[in-house]
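Quick notes on the structure that follows.
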2 protein chains.
Amino acid sequence: MLNRMEALARRAEQLRALADPLRLRIVGLLAAHGETCVCEILAETGTTQGNISTHLRVLRSAGLIRSQKIGKWVFYALERQALDELTGWLGGHLAGCAEGCASSLYACCAKGEVPLSWDAAHAREEVA
Amino acid sequence: MLNRMEALARRAEQLRALADPLRLRIVGLLAAHGETCVCEILAETGTTQGNISTHLRVLRSAGLIRSQKIGKWVFYALERQALDELTGWLGGHLAGCAEGCASSLYACCAKGEVPLSWDAAHAREEVA
DNA sequence: TTAGCATATCAATCTACGTTGATGTGTCAA
DNA sequence: TTGACACATCAACGTAGATTGATATGCTAA
C-alpha cells in the first residue's frame, strides 16, 4: 500500500499525463474510436510521428491507455478502469466534507497569540 | 466562444494546475476545511512560504480557487463550480460513444492500399 | 510612527517537458 | 533477400516549471 505522499504523487502523474492539449486530443480520439491505430491518430493530429509516439508513451506509462501490436500496426485504447478510478478519486478528493466545514474554527499559525478562523476574521472586519 | 484547440488548451491548463502533489494536497485541505488561511496551509504542508504562494497563484490563475483578504490574512477556497465543470467535462471527454465504437471501421493512413480496422487486423492475425 | 507579521513577488538555479530530425527495429510484400 | 512501411527511440534544442532565498507590500498593534 502506498503512503499518502506516494499516492498523491501517483495521482499527480496521471493528471499530468492528461494535462496537455495534444494528449487530450489523443484520449478524445481513443474515447470516440475505441481501438485506434497510431497511423490514424497521426493523420488526425497532424504532428510528427515521433512526437505522437512520445505522447502515447506518456499516457501509457501513466497507466491510462494500453497498446496492442497487430502485424505492423499498433492499436491503442483507453484503460477505462484506470481512468474511472482517477476521475472517481479526484471527485472524492475535491468533495471534502459535505457540511460543517465553512463554520469550523482553524487556528492560524501565529504562535497561539491569535486563534483565527474565517468567521472570526469576518466578525473582526464587520466590527471595524 | 473558444474554438476546439483553445478549449483543449484551457482544460489542459486546469488539469496541469491540479497535476502536482503539493497542489493536490492544497486543494485537499481546501476541500476539507473550506475557507482556509494561507498560514494554515503553510503549517500543514511544511514547505516555504514563497513556494506555497507560487502554487496558490497557479491554482488561482487556472480559476480553480479564489482568495479573499481579511485583515492581514488571506483565505483561499475552492471554486466549486469551476472544479465541477472541469471534472464533468473530463468525464464526458473520456466517455466516448457508449457502443458501436469497437466494431466500426477506420481506414489506416497508408494511401488507401490497405483499409484497416482493429477487427480486420485481428482477423488477419487469427488466420495467420 | 515604528516594529512586526502575513503574504506576494522577484531573481536565480536546477530539472522536466515538448518538439523536431535522425536513426533503429520489427513486419510485410515483391 | 531486398525494399518499403509503421512505429519506437534517441540526441539536441528551446521553453516552462519547481524550489529556494531575498526583498517588497500591506496590515496591525504598540
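Residue numbering restarts at 1 for every chain, and letters A, B, ... go by the order of the sequence lines. Just so you know, these numbers use all the heavy atoms, side chains as well, and skip hydrogens, waters and symmetry mates.
OP1 or OP2 of D:dT20 lies within a sub-4.0 Å distance of a side-chain N or O belonging to B:T47. Contact annotation: B:T48 does not reach the phosphate of D:dT19 (side-chain N/O to OP1 or OP2, under 4.0 Å). B:H55 has no side-chain polar atom (N or O) that falls below the 4.0 Å cut-off from OP1 or OP2 of D:dG17. Taking side-chain N and O atoms only, A:R16 has no distance below 4.0 Å to OP1 or OP2 of C:dA16. Considering only side-chain N and O atoms, B:Y76 lies nowhere under 4.0 angstrom from the phosphate OP1 or OP2 of C:dA6.
In the set C:dT20, D:dC7, C:dT27, C:dT27 carries the atom at the smallest distance from any side-chain atom of A:K69. Distance from the side chain of B:S53 is smallest to C:dA8 among C:dA8, D:dC7, D:dC27. Side-chain proximity of A:D20 to the nucleotides C:dG18, D:dC5, D:dA8 is greatest for C:dG18.
Residue B:L56 holds its CG atom at 5.0 Å from CD1 of B:I41, rounded to the nearest 0.5 Å.
B:R23 comes within 4.0 angstrom of the backbone, heavy atoms only, and of no base.
Taking atom CD on B:Q49 and atom C1' on D:dG26, their separation rounds to 13 Å, with Å as the unit. One interatomic measurement links the two molecules: NZ of A:K72 to C1' of D:dA8, which rounds to 16 Å at whole-angstrom precision. Residue A:F75 contributes atom CZ, which lies 15 Å from atom P of C:dT27 at whole-angstrom precision. Atoms CG (B:N51) and P (D:dA18) sit 9 Å apart, rounded to a whole Å. In this structure, B:I26 atom CD1 and C:dT7 atom C1' are separated by 14 Å, rounded to whole Å. When rounded to the nearest whole Å, the span between CD1 of B:I65 and C1' of C:dA8 equals 14 Å. Rounded to an integer number of Å, the gap from B:W73 CH2 to D:dT28 P is 8 Å. Atom CG in A:L42 sits roughly 8 Å away from atom P in D:dC7 (whole-Å rounding).
Clustering ILVMFWY residues whenever any of their side-chain heavy atoms sit less than 4.5 angstrom apart, transitively, puts B:L90 in a cluster other than the one holding A:V58.
Scanning both residues, B:F75 and B:C37, for their nearest heavy atoms gives CD2-N, 3.6 Å.
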Quiz: residues 15-30 of chain B side-chain donor-acceptor pairs under 3.5 angstrom, not counting sequence neighbours:
{"from": "B:D20", "atom 1": "OD1", "to": "B:L22", "atom 2": "N", "distance (Å)": "2.9"}
{"from": "B:D20", "atom 1": "OD1", "to": "B:R23", "atom 2": "N", "distance (Å)": "3.2"}
{"from": "B:R23", "atom 1": "NE", "to": "B:A17", "atom 2": "O", "distance (Å)": "2.5"}
{"from": "B:R23", "atom 1": "NH1", "to": "B:H55", "atom 2": "ND1", "distance (Å)": "3.0"}
{"from": "B:R23", "atom 1": "NH2", "to": "B:R16", "atom 2": "O", "distance (Å)": "3.2"}
{"from": "B:R25", "atom 1": "NH2", "to": "B:E44", "atom 2": "O", "distance (Å)": "3.1"}

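Side-chain atoms of B:L8 and B:H93, non-hydrogen and from C-beta on, do get closer than 4.5 Å to each other.
Remark: side-chain polar atoms of A:T87 are paired, donor with acceptor, to backbone N or O of A:L83 under 3.5 angstrom.
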N/O-N/O pairs, protein side and nucleotides 10-14 of chain C side, under 3.5 Å:
none

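For B:E13, the side-chain contact (heavy atoms from CB on, under 4.5 Å) criterion is met by B:R10, not counting sequence neighbours.
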